[in-house]
Amino acid sequence: LYTDLRPGMLDDLGLSATIEWQTTQFARQSGIACKFARLDDVDMPDPISTLAVYRVFQELMFNGVRHSRATDVEVSVERRHDHVTVLISDNGTGVSGEDVRSYPSVELAAMRERLRECGGTLSIHSYKSSGTVTEINMPLMPHANTGQ
């Protein structure tokens, strides 16, 4: 459905509340215990950046975390200087640094490109048997490619 392309919650409640809601939905659907920490309510500079962060977050939760065999996940949203940072930490199987680089490259490249177009970044820190910490960073100032 076209209404799924941009959830109205992003406009109505903002990024932090929408990620909190999505984390709750993920826990309910997957059976994986999730904790959410809204350290800050952040106002994103434009709808394109907001949607990019949200869609990458969804992809990481529903594909990355779900397949990591994690039993606990922690998600946080916070302002760090002039960026919004979304952290996803899980206690899953983790992967070696080499495996992270070969993570389904098309999906990973697409997520990184989606964020890069708005000036954002994605980093994954993972080690076998130690879980994974994934960090989405997006500047809070409008980026030239967003048309804002």
Side-chain angles (χ1 to χ4, degrees), residues 1 3-141:
L1 292 173
T3 56
D4 291 336
L5 295 177
R6 180 172 177 85
M9 290 181 86
L10 283 174
D11 297 325
D12 297 341
L13 301 176
L15 182 65
S16 299
T18 304
I19 287 178
E20 181 176 13
W21 174 82
Q22 188 67 75
T23 300
T24 302
Q25 294 295 9
F26 174 79
R28 188 178 333 216
Q29 293 171 5
S30 69
I32 297 172
C34 295
K35 294 177 191 160
F36 179 83
R38 185 187 320 187
L39 304 174
D40 297 296
D41 282 321
V42 291
D43 293 320
M44 297 296 295
D46 60 79
I48 295 169
S49 296
T50 305
L51 185 61
V53 170
Y54 177 69
R55 289 297 185 212
V56 169
F57 167 77
Q58 275 189 310
E59 175 74 19
L60 291 167
M61 291 293 284
F62 283 92
N63 289 323
V65 171
R66 184 174 294 209
H67 294 105
S68 73
R69 292 185 238 140
T71 57
D72 289 297
V73 176
E74 293 184 17
V75 175
S76 66
V77 177
E78 67 181 301
R79 175 187 293 264
R80 290 187 180 170
H81 307 288
D82 59 348
H83 284 74
V84 61
T85 299
V86 178
L87 285 175
I88 305 167
S89 303
D90 71 55
N91 70 342
T93 55
V95 292
S96 69
E98 185 175 304
D99 291 337
V100 166
R101 288 187 291 280
S102 65
Y103 177 91
S105 58
V106 173
E107 291 90 352
L108 188 56
M111 288 186 279
R112 284 194 164 127
E113 179 61 18
R114 182 172 216 160
L115 294 170
R116 188 194 64 74
E117 288 176 352
C118 301
T121 61
L122 172 67
S123 58
I124 301 171
H125 307 282
S126 183
Y127 304 94
K128 285 194 183 278
S129 304
S130 299
T132 303
V133 177
T134 307
E135 185 173 320
I136 301 167
N137 281 293
M138 182 65 70
L140 290 171
M141 296 298 294

Enquirer: What distance do Glu135 atom CD and Arg80 atom CZ have between them, rounded to the nearest 0.5 Å?
Expert: 5.0 Å
Enquirer: Distance-only, no hydrogens or angles: does the Thr93 side chain make a donor-acceptor pair with backbone N or O of Ser68 under 3.5 Å?
Expert: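 Checking the backbone N and O of Ser68 against the side chain of Thr93, a donor-acceptor pair under 3.5 Å is found.
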Enquirer: Taking it one step at a time, do Leu122 and Leu108 satisfy side-chain contact (heavy atoms from CB on, under 4.5 Å)?
Expert: CA-CA 9 Å; Leu122 172 67; Leu108 188 56; 3.7 Å; yes
Enquirer: What's the separation between atom CZ in Phe62 and atom CD in Gln25, rounded to the nearest 0.5 Å?
Expert: 7.5 Å
Enquirer: CG of Leu13 to CD1 of Ile19: how many Å apart, nearest 0.5 Å?
Expert: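 Those atoms lie 12.5 Å apart.
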Enquirer: Closest heavy-atom contact between Arg79 and His81?
Expert: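 Nearest heavy atoms, Arg79 then His81: CG-O, 3.6 Å.
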Enquirer: On a heavy-atom basis, which atom in Ser123 and which in Arg112 lie closest, and how many Å separate them?
Expert: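 Between these two residues, the closest heavy atoms are CA-NH2, 4.3 Å.
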Enquirer: Give a yes or no answer on whether the side chain of Asn91 reaches the backbone of Asp72 with a donor-acceptor pair at less than 3.5 Å.
Expert: yes
Enquirer: If I take atom CD from residue Glu20 and atom CE from residue Met9, how far apart are they, to the nearest 0.5 angstrom?
Expert: 9.0 Å
Enquirer: Give the intermediate values and the outcome of side-chain contact (heavy atoms from CB on, under 4.5 Å) for residues Ile136 and Leu60.
Expert: CA-CA 10 Å; Ile136 301 167; Leu60 291 167; 3.9 Å; yes
Enquirer: Find the distance between CD1 (Ile124) and OG1 (Thr134) and round it off to the nearest 0.5 Å.
Expert: 5.0 Å
Enquirer: Between CG of Leu51 and CZ of Arg114, what distance do you get to the nearest 0.5 Å?
Expert: 5.0 Å
Enquirer: Which of these, Arg55, Met61, Glu59, sits in a side chain to side chain contact (heavy atoms under 4.5 Å, CB included) with Phe57?
Expert: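 For Phe57, the side chain to side chain contact (heavy atoms under 4.5 Å, CB included) test succeeds with only one of Arg55, Met61, Glu59, which is Met61.
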Enquirer: Which pair of non-hydrogen atoms, one from Met138 and one from Ala52, has the smallest distance, and what is that distance?
Expert: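 Heavy atoms of Met138 and Ala52 come nearest at CE-CB, 4.4 Å.
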Enquirer: Determine the minimum heavy-atom distance between Pro139 and Gly119, stating which atoms define it.
Expert: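 Closest pair (atom of Pro139, atom of Gly119, distance): CD-O, 3.3 Å.
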Enquirer: Taking all atoms of both residues into account, what is the closest heavy-atom pair of Ser126 and Gly131, and its distance?
Expert: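 For Ser126 versus Gly131, the nearest heavy atoms are OG-O, 3.3 Å.
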Enquirer: Given Leu10 and Met44, is the side-chain contact (heavy atoms from CB on, under 4.5 Å) satisfied, shown in steps?
Expert: CA-CA 10 Å; Leu10 283 174; Met44 297 296 295; over 6 Å; no
Enquirer: Give the minimum heavy-atom separation between Phe26 and Cys34, together with the two atoms involved.
Expert: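 Heavy atoms only, the tightest pair is CD2-SG, 3.6 Å.
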Enquirer: Take Ile32 and Asp90, measure what side-chain contact (heavy atoms from CB on, under 4.5 Å) needs, and give me the verdict at the end.
Expert: CA-CA 10 Å; Ile32 297 172; Asp90 71 55; over 6 Å; no
Enquirer: Has Asn137 got a side-chain atom pairing as donor or acceptor with Thr121's backbone, closer than 3.5 angstrom?
Expert: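 No: the side chain of Asn137 does not pair with the backbone of Thr121.
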